Amino acid sequence: MRENIHPPYGAVVFRDRAANHAFLTRSTMTGTKTIEWEDGNTYPVVDVEISDVSHPFYTGTARVLDTAGRVERFERRYGKQA
């Protein structure tokens, strides 16, 4: 890699505020806030709206939409255009 063209890559804590879950990983993102992690070190923290802990796909609470039924109901309600 060429020097001085890439953003700094370091340890960052990503925190899902909705699920009260955080994980430490490496990233080029940085936050303005910091947090003291379980190992006693202080890392920048990035708050995210959703993670694998709170996303419906991963938690098993995802709903499957019946798109065919919805289309038929729409056509019944508003009439099928010729």
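Here the structure is a predicted model, which is why all the values come from computation and not from measurement. Numbering starts at 1 and runs along the sequence shown.
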For the pair Val12 and Tyr43, evaluate side chain to side chain contact (heavy atoms under 4.5 Å, CB included) and give the outcome as yes or no after the intermediate values. CA-CA 6 Å; Val12 178; Tyr43 299 104; over 6 Å; no

Heavy-atom count check: over 12 atoms from other residues, nucleotides or ligands less than 6.0 Å from Asn20 CG? no

Looking at Val46, is its backbone amide N or carbonyl O close enough to the side chain of Arg15 to form a donor-acceptor pair, meaning the two atoms are under 3.5 Å apart?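 No, Arg15 side chain to Val46 backbone: no donor-acceptor pair under 3.5 Å.
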
Pro44 and Ala11 have their tightest heavy-atom pair at CD-O, 3.6 Å

Closest heavy-atom contact between Ala22 and Trp37?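 Distance-wise, the nearest heavy atoms are O-CH2, 3.6 Å.
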
Decide yes or no for Phe23 and Val13: does some side-chain heavy atom of the first lie under 4.5 Å from some side-chain heavy atom of the second?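 When only atoms from C-beta onward are counted, Val13 and Phe23 do not touch, as no gap falls below 4.5 Å.
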
Mind checking the CG-CG spacing from Asn41 to Leu24? Nearest 0.5 Å is all I need. 9.0 Å

